[in-house]
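Heavy atoms only: backbone and side chains are in, while hydrogens, waters and symmetry mates are out. Residue numbers begin at 1 in each chain, while the letters A, B, ... track the order of the sequences.
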Protein chains: 2
Amino acid sequence: MHPTVAEPTAPFPASTHDHASCRDWILRRAESLCAEKKVRFTPQRREVLEILAASHRALGAYDILEHMHRVERRPPPAAVYRALEFLLALGVIHRMAGRNAYFACTRPEHGRGEIQFWICRRCGVVGETESVVIAGEVPRLAATLGFQVGAVNMEIEGECQACRGC
Amino acid sequence: MHPTVAEPTAPFPASTHDHASCRDWILRRAESLCAEKKVRFTPQRREVLEILAASHRALGAYDILEHMHRVERRPPPAAVYRALEFLLALGVIHRMAGRNAYFACTRPEHGRGEIQFWICRRCGVVGETESVVIAGEVPRLAATLGFQVGAVNMEIEGECQACRGC
DNA sequence: GGTATATTGATACAGTATATCATGTCAAAC
DNA sequence: GTTTGACATGATATACTGTATCAATATACC
Ligand SMILES: [Zn+2]
Ligand SMILES: [Zn+2]
Ligand SMILES: [Zn+2]
Ligand SMILES: [Zn+2]
């Protein structure tokens with residue numbers, strides 16, 4: 001189904017990891033999912049994903065736009081937002097509401113399930129976890145509130161191991 | 001220290017609750033905290049808090065602005081943002097990043113600690129919980145990542161009990 | 001090829017938030 | 001009681017984030 005490549009990164013990407021294969025995995029998964037869903041992975045959509053996959057940082061839509069240097073003319077903002085919307089729906093990127101920023105998902109299991117986003121306030125690197133404890137706790141809390149859970153968003157800002165070393 | 005009023009609302013405000021006393025509690029806590037910290041609870045700051053405390057809904061900054069009907073002239077956006085910044089720092093309101101909206105905190109224990117925000121996508125009512133399970137899980141996950149936790153933001157969108165009944 | 005559908009281009013605009021500098025208010029110090 | 005300094009607000013402009021609309025183009029399917 002999905003390309004049989006080793007899991008691309010640890011939950012929090014180490015500075016030493018092999019990012020070339022990490023990046024490839026992200027793009028191949030997108031290709032694979034598009035084929036599965038019979039939707040088109042156009043050059044523009046690919047370019048936006050490539051820009052995000054180039055790092056493990058969260059970028060704003062206009063940051064992405066600046067990286068899209070067409071020779072003739074830069075595409076309008078809506079082009080980026082359309083690509084982002086497509087990639088979000090495909091499940092290969094995530095949005096950090098707290099920063100109005102987007103980043104490429106690097107976790108094979110992230111189709112569904114509750115995710116925690118970890119972002120370093122110094123270097124901007126993003127990590128992802130899927131705590132089973134939290135995944136169990138949310139429905140339990142919801143039950144006591146009589147609340148029907150739709151979407152869950154959890155973002156933890158702080159300092160990553162690499163930056164704490166400095 | 002804080003006014004000795006009964007806890008204002010349940011984690012998720014019932015439609016039947018006594019909102020007059022709930023609202024009073026929010027404003028008195030703000031007064032009390034301002035006295036403690038020796039900062040000024042000016043009319044403008046009070047007005048913004050009153051607007052938020054009027055409901056358990058999350059309002060955008062410009063929604064708040066519309067409610068500030070001065071006779072002469074409406075204050076500029078920055079006035080609202082300045083008041084919101086002040087109230088956030090005081091700890092009497094919260095910001096929902098996922099909606100660019102703000103709401104009055106109704107939980108006595110919310111000085112520090114990890115909070116879950118629950119927002120109904122139909123009626124917009126906001127609830128708050130403080131799960132000890134999640135409060136314990138976050139540092140545990142952080143330790144495995146070598147991550148130093150700063151701020152945590154957790155938002156759950158769905159449907160509240162009242163709206164599910166409809 | 002011809003038609004329906006999806007995608008992109010182009011333009012405008014809405015919504016959210018901040019920067020900057022001037023003016024006003026308050027309270028303590030003199 | 002006036003000076004003084006810190007804090008708060010007013011006024012204006014602008015930056016940042018995201019969407020609406022409609023025309024043009026590309027792709028898929030018959
Ligand atoms: Zn990588
Ligand atoms: Zn870092
Ligand atoms: Zn209430
Ligand atoms: Zn509701």
Side-chain angles (χ1 to χ4, degrees), chain A residues 30-31 33-52 57-90 93-103 124 153 155, chain B residues 30-31 33-52 57-90 93-103 124 153 155:
Chain A
E31 283 169 5
L33 284 169
C34 285
E36 227 173 73
K37 296 191 176 183
K38 302 195 198 309
V39 292
R40 291 169 49 200
F41 196 43
T42 63
Q44 192 156 243
R45 290 165 177 172
R46 169 183 286 274
E47 189 182 7
V48 168
L49 184 57
E50 282 174 347
I51 290 164
L52 291 177
R57 291 182 166 74
L59 299 181
Y62 285 75
D63 295 330
I64 295 167
L65 194 55
E66 282 180 9
H67 284 87
M68 299 183 72
H69 34 266
R70 298 292 171 72
V71 276
E72 343 84 55
R73 191 190 290 220
R74 177 165 297 172
V80 172
Y81 283 104
R82 286 194 278 230
L84 289 171
E85 182 185 19
F86 175 88
L87 296 170
L88 283 167
L90 196 61
I93 68 171
H94 299 299
R95 177 173 196 270
M96 295 210 75
R99 299 192 160 218
N100 299 320
Y102 309 81
F103 66 96
N153 186 271
E155 301 172 8
Chain B
E31 284 170 2
L33 284 170
C34 285
E36 227 174 74
K37 296 190 177 187
K38 302 193 198 310
V39 292
R40 290 170 50 200
F41 195 44
T42 63
Q44 191 156 246
R45 290 166 177 172
R46 169 182 285 274
E47 189 181 9
V48 169
L49 184 57
E50 281 174 347
I51 290 165
L52 290 177
R57 291 182 166 74
L59 299 181
Y62 285 74
D63 295 331
I64 294 167
L65 194 56
E66 281 179 9
H67 284 86
M68 298 183 73
H69 33 266
R70 298 294 170 70
V71 274
E72 341 85 53
R73 190 190 291 223
R74 178 163 296 172
V80 172
Y81 283 103
R82 284 194 279 232
L84 289 171
E85 182 185 20
F86 175 88
L87 297 169
L88 283 167
L90 196 62
I93 68 171
H94 299 298
R95 178 182 144 85
M96 295 211 75
R99 300 194 159 217
N100 299 320
Y102 307 81
F103 65 95
N153 187 270
E155 301 172 9

Which one, dT11(C), dA8(D), dG10(D), comes nearest to the side chain of P76(A)? dT11(C)
Electrostatic pair R46(B)-E31(B), nearest N-O below 4.0 angstrom: yes
Quick one: closest heavy-atom pair of V80(B) and M68(B), and the distance? CG2-SD, 3.7 Å
Expressed as a whole number of angstroms, how long is the span from L65(B):CG to dA14(C):P? 17 Å
Interatomic distance where CZ belongs to R45(A) and C1' belongs to dT27(D) [whole Å]: 12 Å
If I take atom CD in residue E85(B) and atom C1' in nucleotide dT9(D), what distance separates them, rounded to the nearest angstrom? 14 Å
Fit a plane to each ring of F103(A) and H94(A), take the angle between them on a 0 to 90° scale, and name the class: parallel (under 30°), tilted (30 to 60°) or perpendicular (over 60°). tilted
Round to a whole Å and report the spacing from CG of L87(A) to P of dT7(C). 12 Å
Could you check which of dT8(C), dT9(D), dC26(C) has an atom nearest any side-chain atom of R40(B)? dC26(C)
Whole angstrom is fine here: how far is it from CD in Q44(A) over to P in dT25(D)? 16 Å
When rounded to whole Å, the CZ to P distance for the pair F41(B) and dA8(D) reads 13 Å
Rounded to the nearest angstrom, tell me the gap between atom CZ in R74(B) and atom P in dA11(D). 14 Å
Return the CG to CG distance between L87(B) and L49(B), rounded to the nearest 0.5 Å. 5.5 Å
I need the CG-P distance between L88(B) and dA17(C), as an integer number of Å. 11 Å
Show the distances under 3.5 angstrom between N or O atoms of the protein and N or O atoms of nucleotides 16-21 of chain D.
{"residue": "dG18(D)", "atom": "OP1", "partner": "R95(A)", "partner atom": "NH2", "Å": "2.3"}
{"residue": "dG18(D)", "atom": "OP2", "partner": "Y81(A)", "partner atom": "OH", "Å": "3.1"}
{"residue": "dG18(D)", "atom": "OP2", "partner": "Y102(A)", "partner atom": "OH", "Å": "3.3"}
{"residue": "dG18(D)", "atom": "O5'", "partner": "Y81(A)", "partner atom": "OH", "Å": "3.4"}
{"residue": "dG18(D)", "atom": "N7", "partner": "Y62(A)", "partner atom": "OH", "Å": "2.9"}

With a 3.5 Å distance limit and no angle check, can you tell me whether Q44(B) reaches the backbone of A79(B) through a side-chain donor-acceptor pair? no
Counting only side-chain nitrogens and oxygens, does T42(B) get under 4.0 Å of the OP1 or OP2 atom of dT9(D)? yes
Can you check whether L52(A) reaches R57(A) side chain to side chain, under 4.5 Å on heavy atoms? no
How many angstroms lie between CZ in R40(B) and CZ in R45(B), if you round to the nearest 0.5 Å? 7.0 Å
